[in-house]
Amino acid sequence: MRKVFILFLTFFLICLLGACGNNEKIDNEQTDDEQKLKSNWQQNSTKDGYQKIGNLQFACNSEGDSACNTENGYYYLTHDLTKLQDGNYGNHLMYMDFATCREIYLCSTAGCKHNSLDCPAVFSYDDFPIFTTKLFVYDNYLYILSRESSDESVSSSEGILGGDDGYIMSQRKPAVLYRANLDGTERKKVYTFDEGLTLEEFILKDENGIYVITKKLSMDKVDNMTYTTGSEHKVVFLDLQSFHAQEICPISFDNHISWKVIGCYQDCLILNGIDYGRELSMEEKWDDDMYHSLYEDSFDIYAILDLKNGKLNEFYRESNKNQHDVYVVGDTMYISFSENPIIEGINIESGERKTICTLAQNLIMDVIDDMLCCRDWNLSSDHTYYFVNIKTGEVMHSTLVNQYNGWSLEFRAKTSSDMLVVYDYDATKNSDDSYEIHQYKYALIAKEDLFMGNQNYRKINMIGHG
């Protein structure tokens, strides 16, 4: 009997390996090394095949930024397009060195004019979409994730290439991951995601690799409107040694709530969804007047997704009649209300609540170490920051603002001791009170100086727009 079992197991493994080999996709344009790195999806269907998940962290800077940093410097892709030597367009990979306070093109080629694809600082506009490409550093390599927008939208069917939705979807490019040395050299393609998948903004990491949220976009016509919607949201792990991808678990559940990631804790994701009590029609979701009344009667739901078993556990809900704001730090979700001058902490495991402080300017914008960065709910009336110590409840008010127009400082990067901020503009004020910004001015400032409002900026010598 044991021999029969062994023979059966051997036959099963041979079939399984054969099936995996047949499903493997080869990109004809890839090098031999890249073909070796490419793999098919590895299904997370057995306990033995489970991907061990470590202490999750966000890998990238905030939404909309193609930027990241180390303790030594700040990398970012410019938003301004430059006409290259061959007539095509591209943007540049810039680097701000914190030790020398200098900005440079990430290129060490002597005499380079940074106007051709031979330059490591030049990125093709066609291959690296502006605003949606993501940068992150992992294990002393710089990674560049080229991805198209994951936004869901509504538009007039007649206004989109004659309403040829199939053509539009087929023109979407797959997400591609590139790796380069920290000085920008030896950039190469290391992984191409399934062309039918779109990647969300968020990239998380642990000591094993990165985690991304994938989904499928589709276009549906209702009357004369075309709706782009997402489905089949999944957490996917990518090993950055072997470049094998593995589906971890879905984020699509058997209910009418669409979830988004707002934080992470150990091996769990913190999700937020809106419960309207039922499934909304496309028209209800996108009609501003209809949606407003439906939203006021809905609830914000906050839940923990355990990536080990895919289980979702709700730990808090709040009526959307009460304007509120949340931010997750470790095992605690901090919540504040526009009509209630307090900040509370809610333990995401036990649900226990405690008051952190009383503060009218309690709109939570960011977090720096143990400090919540808060502002007044009326963003146009007070541009200063109020920093709340989450351990002691102490509040520090910093009066530092943008030197040109008094707007709020823009936080771009964090190190163990400093913040990289946009502290000033070279700009022209237009007749409609808008601004044409010619250059963003960056500076490093010690965190303690920022919290206390001390104007001790170490200015970055800028060469570009910023």
* Verify whether one side chain among Asn378 and Ser380 offers a donor that lies under 3.5 Å from an acceptor in the other. => yes

* Between the main-chain N or O of Arg147 and the side-chain N or O of Thr132, is there a donor-acceptor pair closer than 3.5 Å? -> yes

* Are the side chains of Val388 and Ile343 in touch, meaning some heavy atoms are under 4.5 Å apart? -> yes

* Structure fact -> When Ile262, Ile257, Ile251 are each screened for side-chain contact (heavy atoms from CB on, under 4.5 Å) with Leu271, the one that passes is Ile251

* What orientation do Trp407 and Tyr435 show, parallel under 30°, tilted 30 to 60°, or perpendicular over 60°? -> perpendicular

* Is any side-chain heavy atom of Ile445 closer than 4.5 Å to a side-chain heavy atom of Leu409? -> no

* Could you check Gln246 against Asp239 for side-chain contact (heavy atoms from CB on, under 4.5 Å), going step by step and ending with a plain yes or no? => CA-CA 8 Å; Gln246 175 181 329; Asp239 187 312; over 6 Å; no

* To do: Check whether any side-chain heavy atom of Leu400 lies under 4.5 Å from a side-chain heavy atom of Gln455, and answer yes or no.
  => yes

* N/O donor-acceptor pair under 3.5 Å between Asp369 side chain and Met371 backbone -> no

* Asked: Got a donor-acceptor contact below 3.5 angstrom from the Tyr75 side chain to the Leu182 backbone?
  -> yes

* **Backbone N/O of His79 and side chain of Asn91: donor-acceptor pair under 3.5 Å** => no

* Asked: If you look only at pairs with a residue in residues 435-446, which of them pass as a salt bridge (charged side-chain N to carboxylate O under 4.0 Å, His left out), with sequence neighbours excluded?
  -> none

* **Any side-chain donor near an acceptor of the partner, His397 and Thr384, under 3.5 Å** => yes

* When the ring centroid of Tyr440 is compared with that of Tyr442, is the distance short of 6.0 Å? -> no

* Indicate, with yes or no, if the rings of Tyr74 and Phe98 have centres closer together than 6.0 Å. => no

* To do: For the pair Ser66 (side chain) and Thr133 (backbone), establish whether a donor and an acceptor sit closer than 3.5 Å, ignoring hydrogens and angles.
  => yes

* **Donor-acceptor pair, side chain of His233 and main chain of Lys260, under 3.5 angstrom** => no

* Does a side-chain heavy-atom distance below 4.5 Å link Val235 with Ile213? -> yes

* Side chain Thr214, main chain Leu197, donor-acceptor under 3.5 Å -> no

* Quick one: do the Tyr334 and Asp325 side chains pair a donor with an acceptor below 3.5 Å? -> no

* To do: Indicate whether any N or O donor in one side chain lies under 3.5 Å from an N or O acceptor in the other, for Glu186 and Tyr141.
  => no

* How about Ser124 and Asp126: does a side-chain donor come under 3.5 Å of a side-chain acceptor? -> no

* To do: Keeping the roles fixed (side chain from Lys414, backbone from Val367), state whether a donor-acceptor pair exists under 3.5 Å.
  => yes

* Short side-chain donor-acceptor distance under 3.5 Å, Thr185 and Asp183 -> yes

* Report the residues that fulfil ring-ring contact (aromatic ring centres under 6.0 Å, His included) with Tyr211, sequence neighbours left out, ordered by chain and then residue number. => Phe237

* Centroid separation His92 to Phe123 less than 6.0 Å -> no

* Between Tyr178 and Phe128, how do the two ring planes meet: parallel, tilted or perpendicular, split at 30° and 60°? -> tilted

* Is it true that a side-chain atom of Tyr138 and a backbone atom of Gly209 form a donor plus acceptor pair closer than 3.5 Å? -> yes

* Asked: Quick one: are Asn55 and Asp206 in side-chain contact, heavy atoms under 4.5 Å?
  -> no

* Asked: Would you find a donor on one side and an acceptor on the other, under 3.5 Å apart, between the side chain of Glu314 and the backbone of Ile301?
  -> no

